[in-house]
Amino acid sequence: MSNKTVTVIDNRTNQKYDFPILEPTMGADVVDISTFYQKTGMFTFDRGFTSTASCRSAITYIDGSKGKLMYRGYDISYLATKKTFLDTAYLLLNGELPSKERLEAYCKELKKRSFIHEGMKKLFDAFPDNAHPMAILSAGVSALSTFYFDHLDMDSPDEALEMANRIIAKIPTIAAFSYRYSQGLPVIYPDLNKGFVENFLYMLRGYPHHYIELKPIEIKALDTILTLHADHEQNASTTAVRVVASTRAHPYACISSGINALWGRAHGGANESVVRQLEMIGRVENVEKYIAKAKDPNDPFRLMGFGHRVYKNFDPRATILKNIQKELSEELNLDSELMAVAKKIEEIALNDEYFVSRKLYPNIDFYSGIILRALKIPKEMFAVIFVIGRTPGWISQWIELRNQDNIKIARPRQLYIGPKDRTPKE
Ligand code: ACO
């Protein structure tokens, strides 16, 4: 730890307080205010935690101004173009990329664990038709705790990795089953001869005893989307996982909380909104009208898939997906009206002064929405795909928290604005 400090002066009393500065390996320095209340008798206020580091973490690094994203020190473009989603999941969980042999063993292990207990099918039966797959998925992950209760109070790192494998392997199966049930379609069991991504597409799109032909670019596109979503530092759903974990809740409860947080429109639902908006715009000749609406300060309309809170120059994940979208369109001969609308919006926005001056570039959701649609994945499954991708990140963060000494329960304070004591004096 450095001996640098920040001094806070209370200008009501001229009292000075020193707070230590913690130095990260990369990124902004962090002022340790954990003794702030004890020293000053005041709380700090940070709506939406925009200036607050909530934990120490060695997993993911983001530099929004440079458009940089790294997992365990590896740049996202290296992982997304040279490695697979399962390499990335292994890296997040173990801190190192797997050797060829370790990766093979890891794939085998996940395949072995991809089936769910037959008893769980009763759970799917209990939901009404058209239940949203995200609701079924979060209930399904919670329900895993009733089948694998040996993981509820684990201590050893090996047990934690076994739990991680179990959840990562079963989530695609629960996800695919939830969709098939919501559509009244027969469920398709995992095929042990298929890879992780291919098997998921097969369970989602296939029919029993029917071979579905998938082009390698389709598998690569989904694999890349999962890799790009695998972790993103202390975002809302990861923070939800960590807050629940700080109570020593079991991992299934924590991941289920992450799923529910991710379901929100402002988080995992954005790529679905992109496609809904493109469908609403409908035709290339309507694009100019909607661009004008997006620029009108008196109109709340926003162009979905543009802008990002953290990435202000470009979203590195969007750059990678833009290339995948191009490859996919060429190989699948996608020339739908929706693709033409998307292309036109992208062209205008990248050159229009309004968008350029506000640094409103296409974000990951702009391209992932279009790609998932091209992969024939139904819109209500877009957030579910995000969950499959993010699960290794959530579990890595859960393990990291559990391995830290002196875990403190997450318990923020507040700026109370309610009535003063008005209890009648007896
Ligand atoms: N369309 C039109 N104008 C926009 C858009 C947009 N998509 N995004 C921002 N602006 C404008 C705002 O009106 C504002 O203009 P002003 O300065 O004239 O008032 C300016 O750009 C800055 O906007 P803020 O809302 O302050 O930017 P912020 O960084 O807070 O918001 C956000 C980022 C929420 C992503 C925003 O750009 C947005 O709503 N985008 C559309 C939704 C979307 O694509 N969300 C997915 C984000 S990626 C992810 O979460 C994985």
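First listed ligand is number 1; within each ligand, the first listed atom is number 1. Residue indices begin at 1 and follow the sequence shown.
A centroid separation of 6.0 Å or more is found between the aromatic rings of F127 and Y181. Ring centroids of H232 and Y311 are separated by less than 6.0 Å, placing the two rings close together.
With respect to atom 9 (C) of ligand 1, the closest heavy atom belonging to the protein is L360 CD2, 3.4 Å. From the protein, the heavy atom lying nearest to atom 44 (O) of ligand 1 is G305 N, 2.7 Å. Remark: minimum distance from atom 7 (N) of ligand 1 to any protein heavy atom is reached at L303 O, 2.7 Å. Atom 47 (C) of ligand 1 has its closest protein heavy atom at N363 ND2, 3.5 Å. Given atom 2 (C) of ligand 1, the protein heavy atom at minimum distance is A294 O, 3.7 Å. Protein heavy atom in closest approach to atom 46 (C) of ligand 1: D365 OD2, 3.4 Å.
Nearest to atom 24 (P) of ligand 1 by heavy-atom distance, out of R309, R302, K295, is R302. Counting only non-hydrogen atoms, the option in H308, M304, R358, Q277 that gets closest to atom 18 (O) of ligand 1 is R358. Between R317, K312, K359, it is K312 that holds the heavy atom closest to atom 29 (O) of ligand 1. Relative to atom 35 (C) of ligand 1, the option among S368, G307, S357 with the closest non-hydrogen atom is G307. Nearest-residue assignment for atom 37 (O) of ligand 1 (options F306, F355, F301; heavy-atom criterion): F306.
Shown are Q325, K326, E346; of these, the side-chain hydrogen bond (donor to acceptor under 3.5 Å, both in side chains) with Y367 is made only by E346. Residue I385 forms a side-chain contact (heavy atoms from CB on, under 4.5 Å) with just one option from L375, N271, L222, and that option is L222.
Side-chain contact between L204 and K376 is absent, with no heavy-atom pair separated by less than 4.5 Å.
Taking a cutoff of 4.0 Å between a charged side-chain nitrogen and a carboxylate oxygen, R276 and E279 do not qualify as a salt bridge. Salt-bridge formation is not detected for the pair E331/K220: no Lys NZ or Arg NE/NH1/NH2 atom is positioned less than 4.0 Å from an Asp or Glu carboxylate oxygen. A salt bridge does not link K4 to D29: none of the charged nitrogens lies less than 4.0 Å from a carboxylate oxygen.
Distance check on atom 40 (N) of ligand 1: some protein heavy atom falls below the 4.0 Å cut-off. Under the 4.0 Å distance rule, the nearest protein heavy atom to atom 20 (C) of ligand 1 falls inside the cut-off. In this structure, atom 16 (P) of ligand 1 is in close contact with the protein, since a protein heavy atom lies within 4.0 Å of it.
At a 3.5 angstrom cut-off on N or O pairs, H267 does not count as close to ligand 1.
In Y354, the part holding a heavy atom less than 4.0 Å from any atom of ligand 1 is the side chain.
The 12-atom threshold is exceeded at NZ of K111, counting heavy atoms of other residues, nucleotides or ligands nearer than 6.0 Å.
Applying the side chain to side chain donor-acceptor pair (under 3.5 Å) rule to Q277 yields no partners; only residues at least two apart in sequence or on another chain are considered.
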